[in-house]
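Just so you know, these numbers use all the heavy atoms, side chains as well, and skip hydrogens, waters and symmetry mates.
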Amino acid sequence: MTIIINEELRAYIDPLTFNEYQALERSIQTEGCRDALVLWGEVLIDGHNRYAICQKHGIEFKTVQNTRFTSIEDVMLWMIDNHLARRSVSDFQRGVLALRKKEIVAARLKQNEVPASAESPAVEVAPKQTREEVAKIAGISSNAINQIEKIQRTATPELVAAVRSGTISINAAATVASLPSEQQVAAVAGGRKELQQAAKQVREMRAANQSSKPREEKPAAPLSAADEKMASLVAENTSLKAQVAELTLALKAAREAA
């Protein structure tokens with residue numbers, strides 16, 4: 001049997017940690033390869049670690065074909081859904097996978113878009129996924145998705161590795177990712193406590209900057225017609241009172257002069 005390893009597919013899903021790989025290897029050596037490897041033609045699409053372990057120790061394995069796919073993108077979407085269904089996947093991995101799914105869907109929608117013209121009206125396509133929809137796919141909050149996007153944009157590889165391994169939470173990693181690269185690397189090198197301290201310092205700095213900013217006065221809400229009428233009457237009444245006071249003083253002065 002010929003089995004082809006597509007490097008892009010093998011690297012598409014985060015690899016097992018050292019401890020996870022060792023546990024899987026011990027299980028296969030003891031109980032054999034219980035789950036069949038999934039192939040698309042000759043290309044392996046699920047079971048890369050099991051295949052490597054079986055090859056290493058000469059352990060037999062079974063394969064099953066999935067013939068529904070028509071493109072590599074179909075395979076990637078299947079891999080994403082397959083991994084999202086596993087309870088062992090961390091929240092960070094879930095967010096990354098859901099965002100990858102969003103990118104594939106967005107690329108397909110873009111390919112299906114046809115410019116509108118008199119001869120050819122625009123082709124209607126499905127709406128793009130919102131952050132809330134991506135969060136629902138991942139099974140995490142939309143705020144966590146926002147933080148994962150920030151980590152992907154600004155975090156160093158060292159910080160990404162730390163959040164993947166669970167050394168630092170998604171929330172704290174997104175906070176530390178706002179630091180310069182050198183400070184991120186230094187915090188990761190210091191371990192969990194140093195990362196937590198770095199996140200705390202960033203939050204305290206933000207709070208101090210926020211409290212030092214002058215408060216902006218909110219613009220007054222527009223008056224209703226009834227409020228405007230009342231304000232006009234109050235102003236008129238105040239003016240009349242002032243006139244009465246002036247007349248009273250003038251009358252008093254005239255009497256005293258007489």
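Taking 4.5 Å as the limit, some side-chain heavy atom of Ile72 sits within range of a side-chain heavy atom of Trp40. The shortest distance between side-chain heavy atoms of Glu133 and Lys102 does not fall below 4.5 Å. Considering only heavy atoms from C-beta on, Leu77 comes within 4.5 Å of Arg108 through its side chain. When side chains are defined from C-beta on, Asp14 does not count as touching His83, because their heavy atoms never get closer than 4.5 Å. Here the side chains of Leu97 and Arg100 are in contact, with some heavy-atom distance below 4.5 Å. In this structure, Ile28 and Phe61 have side chains that are not in contact, with every pair of non-hydrogen atoms separated by 4.5 Å or more. Between Asn6 and Val75 there is no side-chain heavy-atom pair separated by less than 4.5 Å. Side chains of Leu159 and Val163 form no contact here, defined as non-hydrogen atoms less than 4.5 Å apart.
Remark: Arg34 pairs with Glu31 by the side chain to side chain donor-acceptor pair (under 3.5 Å) rule, at least two apart or across chains. Taking Tyr12 as the reference, nothing meets the ring-ring contact (aromatic ring centres under 6.0 Å, His included) condition, with sequence neighbours excluded.
Using a cut-off of 4.0 Å between Lys/Arg side-chain N and Asp/Glu carboxylate O, Arg10 and Glu7 are scored as salt-bridged. Taking 4.0 Å as the cut-off between side-chain N and carboxylate O, Arg86 and Asp35 do not count as a salt-bridged pair.
Residue-environment remark: CD (Glu60) stays at or below the threshold of 12 foreign heavy atoms within 6.0 Å. Within a 6.0 Å sphere centred on NZ of Lys136, other residues, nucleotides and ligands contribute 12 heavy atoms or fewer.
Taking every heavy atom of both residues into account, Ile168 and Ala173 meet most closely at CD1-N, 3.5 Å. Residues Val38 and Asn66 share a closest heavy-atom pair of CG1-CB, 4.1 Å. Residues Ala198 and Leu179 share a closest heavy-atom pair of CB-CD1, 4.2 Å. A pairwise comparison of heavy atoms in Ser178 and Thr175 identifies OG-O, 2.6 Å as the closest pair. Contact record, Gln184 with Thr154: NE2-O, 3.3 Å, taken as the closest heavy-atom pair. Residues Ala144 and Ile170 come closest through the heavy atom pair O-CG2, 4.1 Å.
For Arg50 (side chain) and Ala36 (main-chain N/O), a donor-acceptor pair under 3.5 Å exists by modelled atom type. Between the Gln93 side chain and the Ser90 main chain, a donor and an acceptor come within less than 3.5 Å of each other. Remark: side-chain polar atoms of Arg94 are paired, donor with acceptor, to backbone N or O of Leu84 under 3.5 angstrom.
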Worked check of side chain to side chain contact (heavy atoms under 4.5 Å, CB included) between Val188 and Leu195: CA-CA 6 Å; Val188 173; Leu195 283 166; 3.9 Å; yes
Criterion side chain to side chain contact (heavy atoms under 4.5 Å, CB included) on Ser165 and Thr17, from CA distance to verdict: CA-CA 8 Å; Ser165 65; Thr17 64; 5.8 Å; no
Steps toward side chain to side chain contact (heavy atoms under 4.5 Å, CB included) verdict (Leu99, Glu149): CA-CA 8 Å; Leu99 288 169; Glu149 287 181 311; 3.7 Å; yes
Derivation of the side chain to side chain contact (heavy atoms under 4.5 Å, CB included) call for Asn171 and Arg203: CA-CA 11 Å; Asn171 184 290; Arg203 294 190 185 107; 2.7 Å; yes
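Glu73 and Ser71 share a donor-acceptor pair across their side chains, judged by distance under 3.5 Å alone.
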